Structures are given as structure tokens and as C-alpha cells.
Amino acid sequence: MSKTLIKRFITGCVSFGPFHLTSGETLERVTLHYESVGPASAPVILVCHALTGNHYTVGTEDNPGWWDGLIGTNKYIDTDKFQVITFNVLGGCDGSTGPTSLNPNTSENYRADFPAITIRDMVHATHQALQELQIRKLAAVIGGSLGGMQVLEWGLLYPAVTDKLIILAATPVFSDYGIAFNHIASSAIKADRNWNDGFYEAEFDLKGLEIARMIGMVTYRSSDLFSSRFNREKANDDYRVSTYLDYQGEKLMRRFDPNSYLTLLNAMNSHDVGLNRGGWRQAVKNYQCPLLTISFDNDLIYEPKQIKELSEHVPDSFYYHVQTDFGHDGFLTQFERWGHVVKEFLE
Ligand SMILES: CC(=O)SCCNC(=O)CCNC(=O)[C@H](O)C(C)(C)COP(=O)(O)OP(=O)(O)OC[C@H]1O[C@@H](n2cnc3c(N)ncnc32)[C@H](O)[C@@H]1OP(=O)(O)O
Ligand SMILES: N[C@@H](CCO)C(=O)O
């Protein structure tokens, strides 16, 4: 285990194995990278990140993390009162075991040979990592989107470990509409002429991943947001909304591994808390701790009505709906609209 200590901000990694996957395959060794912020003696909150997120949730002054607006000293989740820990997810590409890792059987990177993983695998791996860090109890688990799927599984796989569950922009079952957009995204990646079944040459820029991100970005935002931002304006001959999508596509292509993207899309597609538990409506009756669900207006994939229905089936739950033009990405922004709900739920 390696650690860098900067005040109370720690980044490190933890390794364990062998680790058995739902598919029946085994990873001989798993490493998960993490960020931990807050007093070591304080109650621990586990954050689960979304599709292209990572463990840099709070980050540093120079490099703020993706939930820096929500979590920190005197923020909605106060890191003077809680120790907040995030792991880069199993299958991810920011240091944790995934397609960019070395396959011990071949001594080459897994790439497209990385085995299929599920949301439950992610949760089991994170639980194992917490055990290695001697963290046996969680004051709460919180996450949005892919992270929210993990929170939903946490409450059923490890009910004794966590005191509260906070699910943002996530449904108990991933919808057919969501699978449809993921199919278009993965088809774009696989149609890239340089893709080579996932064993592409490193010097190629994969346009397929850029297009996949553009598709994703359209589903993460809303028509109203685009209209108010871009208003059909052009820069040179291009619509500004088009250059925006080009920019976002290229930005992701530079920072994310396409095999990892496919691995995580497939894990999302497999998400169903009701699988082997009698269906989701039956399964969610078994949550043993309080659960907060938050939905966002204009969220195309994780529809507010299903999140509300989820809440209605859970014995001890509270539902909050956020009015926003952001749509799904509302869980990454406008914290003043919903951060107070998280704060009150934790008190
Ligand atoms: C939980 C997770 O895991 S999320 C995944 C990881 N995500 C992150 O780490 C956060 C990434 N950031 C974001 O997703 C967003 O910035 C949010 C949600 C935090 C805020 O969104 P917004 O304020 O709407 O920013 P938006 O996503 O529109 O992007 C702004 C960028 O687009 C660029 N841009 C805006 N309009 C245009 C245009 N017409 N043409 C080209 N580029 C444009 C801006 O210059 C800016 O560039 P920068 O990112 O290099 O600074
Ligand atoms: N903006 C988020 C959306 C997926 O929930 C991401 O890129 O991970």
C-alpha cells in the first residue's frame, strides 16, 4: 500500500486478490486507487463516481475534484466532520485495475481482453479495499449515475456496513432507453477504422470514442440548456453547439481509455438490483437503512418518475426532485439547489 500525505488529503492504492467476478472469471490481483479527505478518526462517507469520473472527488486547491463544490471544509459534506473516501472504480482507467492494467497471464495490458464486470463486482471490490484499509463501517454511501447504481447495490450486498444511502440520478434498473444510447456509443467506438477489436495502435486518435462522448453529452444535458447557451449561433461556419460537442468529444478521447469506456457501459447495461432478488420492486423493500433519492429535471435516461417510484417502494426513504435545465449532469453542478438536502439527511 502506498500513501502520500498532504495535510489530511491522502491519495493511495490498495491491492488484494484473487478476486472472483460474477462472470466466473478471476482477477489474480486487483488494485484500486483512492482519495481520502478528512480526519482519520471521523465517520467515513464512501463516494462512488460516475462513468468518466475518478477518485479525485475533492482534489486540491490547484486541481479541484469533480465534487469539490459539494464536499470540503464547511461544505454540504463537511470534511472537518467526515472522512470522505472515493475509489477509482474496478474497470476504470485512473490507476485501478481495468483494461489498461497488466494482465499477469500475458504480461501485456488486458485491453479488450479485460473480463466483463458488473456493478455488484465493483461494490465487492470496493468493500474488499475498505477491509484492507481497516474501514468496517460507513456513515453513508453516496453516488450519482453509475455511482448511484453502486450505492443501490451497497445497501443490499452489505446492509450491516452502511448507515445511510444517497442515490442521485440513478434508477434501480438501467432502462432500455439507456441501453439504446450505450449501444450507439459502443457501436461508434467499434466502427472506428483504427479500432482493431480494441487492440488499436497508440498513435491513433480514436474518433469513435469522441463520437461516443458526444452522444453521451447530449443525453447528459437538455434541449433548453443547449438553446439558452448556443441559440443557433455560429463561429465561422460551425454551429457553436457542434464545436462544443467536438470539444467535449476530443477532451474525453484524450483522458479516457476506450476499452474501459466499453467495460463500464456494459456494467451499466447489466444493472438491475432485482436480478436474482425477485425483481426490483421486491428487492428494494429489503433496504435496512434510510435512503435518500434525488432526481433531476430533464434527465433523459434516469427518469425522475422511476426514481420517485423507487423511493415509494423503500420503507425508510426520502425523495427530492431538482428543477434544473442541466438534466442528468445536474448531479455535478448547481450544488446550491440540492446540497442542503444531502447535508440535512446526514445530520
Ligand atoms: C461524477 C463524474 O464522474 S463526472 C465525470 C468527470 N467529470 C468531471 O470531472 C467534471 C467534468 N466537468 C463537467 O462535466 C462540467 O464541467 C460540469 C458538469 C462540472 C459543469 O458543466 P459546464 O459548466 O456546463 O461546463 P461544460 O461541460 O459545458 O464545458 C465547458 C467547456 O466547454 C468549452 N466550450 C463551451 N462552449 C464551447 C463551444 N461552443 N465550442 C467549444 N468549446 C466550448 C469551454 O471552453 C469549457 O472548456 P474547459 O472544460 O476546457 O474549461
Ligand atoms: N458527466 C457524467 C455523466 C455520466 O453520469 C460522466 O461523464 O460520468
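This chain uses plain numbering: 1 for the first residue, then up along the sequence. Quantities reported herein were computed from a predicted structural model and do not represent experimental measurements. Read the numbers this way: they start at 1 and go in the same order the structure lists the ligands and their atoms.
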Any atoms of ligand 2 less than 4.0 Å from a non-hydrogen atom of Phe331? List them with their elements.
5 (O)
Do me a favour and list the nearest non-hydrogen protein atom to atom 2 (C) of ligand 2 with residue, atom name and distance?
Asp329 OD1, 3.6 Å
If you scan protein heavy atoms around atom 5 (C) of ligand 1, the nearest is Thr52 OG1, 3.1 Å
Is the closest heavy-atom distance from Phe326 to ligand 1 below 4.0 Å?
yes
Please list, in number order, the atoms of ligand 1 under 4.0 Å from a heavy atom of Leu332.
1 (C), 2 (C), 4 (S), 18 (C), 19 (C)
Side-chain ion pair, Lys164 and Glu347, N-O less than 4.0 Å
no
What do you reckon, does His49 put a non-hydrogen atom under 4.0 Å from ligand 2?
no
For the residue pair Lys234 and Tyr239, would you count it as a cation-pi contact if the rule is NZ or CZ under 6.0 angstrom from the ring centre and within 45 degrees of the ring axis?
yes
His49 ring center near Trp67 ring center (under 6.0 Å)
no
Parallel, tilted or perpendicular: which one describes the rings of His328 and Tyr220, with boundaries at 30° and 60°?
tilted
Under 4.0 Å from a heavy atom of Phe331: give me the atoms of ligand 1 that qualify, with their elements.
1 (C)
Tyr247 contact mode with ligand 1 (heavy-atom cut-off under 4.0 Å)
side chain
Plane angle bin for Phe181 and Tyr177 - parallel if under 30°, tilted between 30 and 60°, otherwise perpendicular:
perpendicular
Taking 4.0 angstrom as the limit and counting only heavy atoms of Thr243, give me the atoms of ligand 1 inside it, by number and element.
38 (C), 39 (N), 40 (N), 41 (C)
Does Ala50, backbone or side chain, put an N or O under 3.5 Å from an N or O of ligand 2?
no
Specify the protein heavy atom at minimum distance from atom 10 (C) of ligand 1: its residue, its atom name, and the distance to 0.1 Å.
Trp66 CB, 4.2 Å
Stacked cation flag Arg337 on Phe296, 6.0 angstrom / 45 deg:
no
Are the aromatic ring centres of Tyr244 and Phe230 under 6.0 angstrom apart?
yes
Shortest protein contact, atom 3 (O) of ligand 1 (heavy atom only):
Gly53 CA, 2.7 Å
Is there a heavy atom of Trp67 sitting under 4.0 angstrom from any atom of ligand 1?
no
Distance filter under 4.0 Å to Leu332 heavy atoms, resulting ligand 2 atoms
1 (N), 2 (C)
Pick, from Arg229, Arg221, Arg240, the option with the minimum heavy-atom distance to atom 13 (C) of ligand 1.
Arg221
Please compare Phe230, Tyr220, Tyr244 and report which has the shortest non-hydrogen distance to atom 43 (C) of ligand 1.
Tyr244
Just need the protein heavy atom nearest to atom 7 (O) of ligand 2, so name the residue and atom and give the distance.
Thr52 OG1, 2.7 Å
Name the closest protein heavy atom to atom 32 (O) of ligand 1, giving the residue it belongs to and the distance to 0.1 Å.
Gln248 NE2, 3.3 Å
Residue among Asp257, Thr52, Asn54 satisfying side chain to side chain contact (heavy atoms under 4.5 Å, CB included) with Asp94
Asn54
Between Ser145 and Tyr302 the two heavy atoms that sit nearest each other are OG-OH, 3.5 Å
Apply salt bridge (charged side-chain N to carboxylate O under 4.0 Å, His left out) to residues Glu210 and Arg213 and explain how you reach the verdict.
CA-CA 5 Å; Glu210 292 185 33; Arg213 181 58 166 178; over 6 Å; no
Tell me whether Ser96 contacts the main-chain N or O of His33 through its side chain, where contact means a donor paired with an acceptor under 3.5 Å.
yes
Is there a heavy atom in Arg213 that sits closer than 4.0 Å to ligand 2?
yes
Could you check, using the six-membered ring where one of them is a Trp, whether Tyr158 and His127 have ring centers closer than 6.0 angstrom?
yes
Of all the atoms in ligand 2, which lie at a distance below 4.0 Å from a heavy atom belonging to Leu51?
8 (O)
How are the rings of Phe87 and Tyr34 set relative to one another: parallel (under 30°), tilted (30 to 60°) or perpendicular (over 60°)?
tilted
Lys251 N/O under 3.5 Å from ligand 1 N/O:
yes
Atoms of ligand 2, numbered as shown, that sit under 4.0 Å from any heavy atom of Tyr220
1 (N), 3 (C), 4 (C)
Contact between Arg255 and ligand 1, counting heavy atoms under 4.0 Å?
yes
State which residue, out of Ile119, Val123, Ile117, fulfils the side chain to side chain contact (heavy atoms under 4.5 Å, CB included) condition with Asp121.
Ile117
Could you identify the single nearest non-hydrogen protein atom to atom 5 (O) of ligand 2 and state the distance to 0.1 Å?
Ser145 OG, 2.7 Å
Hey, what do you get for CD (Glu201) to CG (Asn196), rounding to the nearest 0.5 Å?
7.0 Å
Please check if a non-hydrogen protein atom sits closer than 4.0 Å to atom 51 (O) of ligand 1.
no
